[in-house]
Number of protein chains: 2
Amino acid sequence: MCAKTASTLDLSAVLPGLSIDCVIFGFDRGKLHVLVLKWKNEDLWALPGGFIPATMDIDQAATKILEERTGIRLPYLAQFHTFGKVNRRRIDSFLDQLKGSVLPENWMEEWIRQRFVSIGYLSLVNLHQCRPSPDLFSDACEWVQVKELPPMLFDHQHITEKALEQLRHQINYLPIGLSLLPEKFTMKELQRLYEEVLERKLDRANFQKKMLKLGFLDRQEKQMTGAAHKAPYLYSFNTEAYQELLQKGIGYIS
Amino acid sequence: MCAKTASTLDLSAVLPGLSIDCVIFGFDRGKLHVLVLKWKNEDLWALPGGFIPATMDIDQAATKILEERTGIRLPYLAQFHTFGKVNRRRIDSFLDQLKGSVLPENWMEEWIRQRFVSIGYLSLVNLHQCRPSPDLFSDACEWVQVKELPPMLFDHQHITEKALEQLRHQINYLPIGLSLLPEKFTMKELQRLYEEVLERKLDRANFQKKMLKLGFLDRQEKQMTGAAHKAPYLYSFNTEAYQELLQKGIGYIS
DNA sequence: ACAAAAGTGTTATCCTTACACCCATGT
DNA sequence: ACATGGGTGTAAGGATAACACTTTTGT
């Protein structure tokens, strides 16, 4: 709503030739998801992105852009890479695809044809705690599985892959999960998250011991699932311990 | 020479509001160094940086900029962060400092006052194998110790610190040294490099065992130093093993 | 002979890995 | 009772950390 009113672009008030694209990961039913927007009246999906107001730091701009385009407000987005190949937007095939579709009235073709360098931002959220809603240029805002990405605008597939690579790297030296999992979760769910990101199976017993030893999990009551087996414990993140590990890392050279 | 002739800037042929800054590290006598340029007629030092030709990928542009400004040609520069705070250049105090100094004739004040976002690139070189030479806008191009940085332009000190942070991070999961050390070197020198980057002392015996176990070092003949003690072995990098470790990393989550 | 620094060895401790075992639960 | 999956245990092997010992060299 209030976010939406700002959507009319004043092209003189944003930095020329620069954009921001956000890769937002969520986790549900054992699968990693990414948040994507569907271009109005087209079968074309895109990462939530936009332009940088001339008076805003790029980090602030990322937060604002994400909120305007999806309704999700995140306090912290992390920059992970800047994409600057000359032909990263494959602009001709893009304009072809758009034939017959409406662009915002002040997006003159000249302006949109120019070269753009895009700064990639990454964040993780609990996809059950946010209601993404599409903006004026989009008619859908959805979580799609990382393994089943639809055809995407420009190099957005490549950007998504780079973000995944970054995530896969980070999981080796930082704790993960606080912003992805619900408040309470089972060890199995946490393990599934790790397996999904690392793309390999982990040993159940050893995973449990490792995580508990890291000391950022608080054990809660058991969860009666109604399934024909022992009920698993629930866990929650110990926020102080978690934050501390975020600072100093999990494991490093000796 | 040929690099230098290109130094006359055609402002219409570069991307507006975007720049690249390079942090080049070298290692000598047990100290980490950074390559900096001295602004013509000013006591102001800056990282080698410049603008992005409209027809070049940003990675190529980084290579070109570094070569034009310092004479050093590096095949690979790695992007590490993009700097985009609104006031990162503190432009007023910058113009004050420049009073009485010559800017390239077509750098109208208007143009230089605009906001710039800068992409940081990082590389490591053997500082004995390159002869840095200043370009037309600079009257010196020197290696300075990381611990003794001179006052620097804009946020270049911050950029340098970020690069160092990146390097300090990388040393934990990637081999280091191939491009920093001479062809043959002692274990002590390699250890000094690690200590300098990590900013802490390491145990001599354990360091030796660890490095040898990683298997990217080839032992060469001994080096007679003329000093009053046992002569150390020389080592060289086994390029294949080294490259392989660069790919798959040294140590990760299990 | 001695100091200095290099190379190697020793030990306790910890972590990793691959399993095995028992336990709680619903059918 | 039994299958299913959860929690914990164990033993072998490897890595780490601290420090001791031996070797080579020039003075």
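Chain naming here is simple, since letters A, B, ... match the order of the sequence lines and numbering starts at 1 in each.
One finds a side-chain N or O of A:Lys213 lying less than 4.0 angstrom from the OP1 or OP2 phosphate oxygen of C:dT16. The side chain of A:Lys210 contributes an N or O atom lying less than 4.0 Å from OP1 or OP2 of C:dT16. OP1 or OP2 of D:dG6 has not a single side-chain nitrogen or oxygen of A:Gln208 nearer than 4.0 Å.
Taking all atoms of both residues into account, the shortest heavy-atom contact from B:Gly26 to B:Leu180 is CA-CD2, 3.8 Å. Heavy atoms only, all atoms of each residue included: B:Tyr235 and B:Leu212 are closest at CE2-CD2, 3.7 Å.
Note: A:Phe185 and A:Phe237 meet the aromatic proximity criterion, with ring centroids under 6.0 Å apart.
Residue whose closest nucleotide on DNA chain C sits further toward the 5' end, between A:Lys209 and A:Ala228: A:Lys209.
The listed nucleotides are C:dT25, D:dT25, C:dA24; the one nearest the side chain of B:Met224 is D:dT25. Among C:dA5, D:dG6, C:dC19, the nucleotide with an atom closest to any side-chain atom of A:Lys188 is D:dG6. Considering only side-chain atoms of A:His229, the nucleotide from D:dG6, D:dC19, C:dC19 that sits closest is D:dG6.
Counting any heavy atom pair closer than 4.0 Å across all strands shown, A:Ala205 reaches a base atom.
Of the possible donor and acceptor atoms, none in the side chain of A:Asn206 sits under 3.5 Å from a partner among the backbone N and O of A:Lys209.
Between the side chain of B:Arg204 and the base of C:dG7 there is at least one donor-acceptor pair of N/O atoms closer than 3.5 Å.
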